[in-house]
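Please read the structure below before turning to the comments.
Chain naming here is simple, since letters A, B, ... match the order of the sequence lines and numbering starts at 1 in each.
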Amino acid sequence: NAGVTQTPKFQVLKTGQSMTLQCAQDMNHNSMYWYRQDPGMGLRLIYYSASEGTTDKGEVPNGYNVSRLNKREFSLRLESAAPSQTSVYFCASSGQGNRELFFGEGSRLTVL
Amino acid sequence: GENVEQHPSTLSVQEGDSAVIKCTYSDSASNYFPWYKQELGKRPQLIIDIRSNVGEKKDQRIAVTLNKTAKHFSLHITETQPEDSAVYFCAASSSGTSYGKLTFGQGTILTVHP
């Protein structure tokens, strides 16, 4: 039982490059989320998927897109990376009727 | 939308002392208030949570209190130990659809000195 798995763990991009962060959970959770963590700003919600087939914007969605591929997988795409997107990205999931968020290990992204 | 303010940003205590972290929220519809602990280089993990119909909840050395009228809630850690050193985040949620849609505070770096 791996829980929530994110890839890659580290990535360096140049401004304008694109990339996709992958996330998968094996807990049969309905809801999945992408947060970014920046020093002094806590965790901010980028996008979330309440259930398979739905996605919604969070607090800071600009510059990102998401895909809920199936119940297990939720990917985050940066189409044209900017230095302001340098951050640690966390994927998380939660089960139906359960408020606890289970986080992945995080992906550290640096945009030069 | 919801706004959560957390204080202090850093807190340093001696082993055995108590630590208190405070948060305020803006949305009166918020009804769920979890606390997450994040050790250095690790993922955040839930340590305790409280719902709006409860004023206080305790789990061993940690407790959370909620004042809905004033819209603030606090984390209390007693008899602190070096392994309590971490970043602590409060959060609030008012979503009835997806409870993991949390708004987090800015975090408190707690350091417990042996």
Side-chain angles (χ1 to χ4, degrees), chain A residues 2-7 9-10 23 25 27 29-61 66 68 71 74 87-108, chain B residues 1-10 21-27 30-54 57 59 64 75 86-109:
Chain A
V4 179
T5 303
Q6 294 180 230
T7 56
K9 289 186 170 50
F10 301 94
C23 176
Q25 52 90 10
M27 296 176 283
H29 284 171
N30 288 329
S31 305
M32 298 185 73
Y33 316 84
W34 278 105
Y35 282 87
R36 61 176 288 174
Q37 183 175 26
D38 302 291
M41 302 187 76
L43 292 142
R44 292 181 293 168
L45 183 63
I46 305 170
Y47 271 93
Y48 68 102
S49 171
S51 60
E52 186 179 357
T54 69
T55 61
D56 283 289
K57 295 178 180 179
E59 183 184 352
V60 288
V66 290
R68 183 73 183 267
K71 190 171 185 179
F74 187 40
S87 187
V88 179
Y89 291 85
F90 284 98
C91 178
S93 68
S94 65
Q96 183 71 25
N98 187 341
R99 300 173 182 251
E100 181 176 359
L101 279 182
F102 291 85
F103 285 89
E105 291 184 312
S107 299
R108 182 175 294 276
Chain B
E2 175 67 277
N3 182 50
V4 177
E5 296 288 333
Q6 182 172 346
H7 299 280
S9 56
T10 61
I21 303 170
K22 298 182 179 181
C23 290
T24 61
Y25 62 97
S26 61
D27 188 352
S30 288
N31 57 8
Y32 174 65
F33 308 92
W35 288 86
Y36 283 79
K37 175 183 180 182
Q38 185 181 27
E39 296 177 354
L40 187 63
K42 304 288 188 180
R43 70 191 83 190
Q45 291 187 298
L46 179 72
I47 55 170
I48 195 168
D49 57 12
I50 191 168
R51 303 182 185 193
S52 60
N53 58 347
V54 175
K57 184 177 179 180
D59 183 4
V64 58
L75 178 71
V87 181
Y88 292 81
F89 293 99
C90 64
S93 172
S94 61
S95 173
T97 301
S98 183
Y99 294 122
K101 186 173 177 289
L102 299 173
T103 299
F104 284 86
Q106 296 88 344
T108 296
I109 302 172

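Minimum heavy-atom separation, A:Gln37 to B:Phe89: NE2-CZ, 3.2 Å. Counting all heavy atoms, side chain and backbone alike, A:Phe103 lies closest to B:Arg43 at O-NH1, 2.9 Å.
Of the atoms belonging to A:Tyr35, it is side-chain heavy atoms, and not backbone ones, that fall under 4.5 Å from chain B. Only the backbone of A:Val4 comes within contact range of chain B, judged by heavy atoms closer than 4.5 Å. Contact of B:Gln38 with chain A is made through the side chain alone, with heavy-atom distances under 4.5 Å. Using a 4.5 Å cut-off between heavy atoms, A:Leu43 contacts chain B through both its backbone and its side chain.
Counted within 6.0 Å of CZ on A:Arg108, heavy atoms from surrounding residues, nucleotides or ligands total 12 or fewer; the atom is thus considered open. Applying the 6.0 Å contact sphere to NZ of A:Lys71 captures more than 12 heavy atoms from other residues, nucleotides or ligands.
Annotation: side chain of A:Leu101 is in contact with side chain of B:Tyr36 (closest heavy-atom distance under 4.5 Å).
When each of B:Pro44, B:Gly105, B:Ser9, B:Gly107 is checked for heavy-atom pairs under 4.5 Å with chain A, B:Pro44 comes out on top.
Taking CZ of A:Arg99 as the reference point, atom CG of B:Leu46 lies at 11.5 Å (rounded to 0.5 Å).
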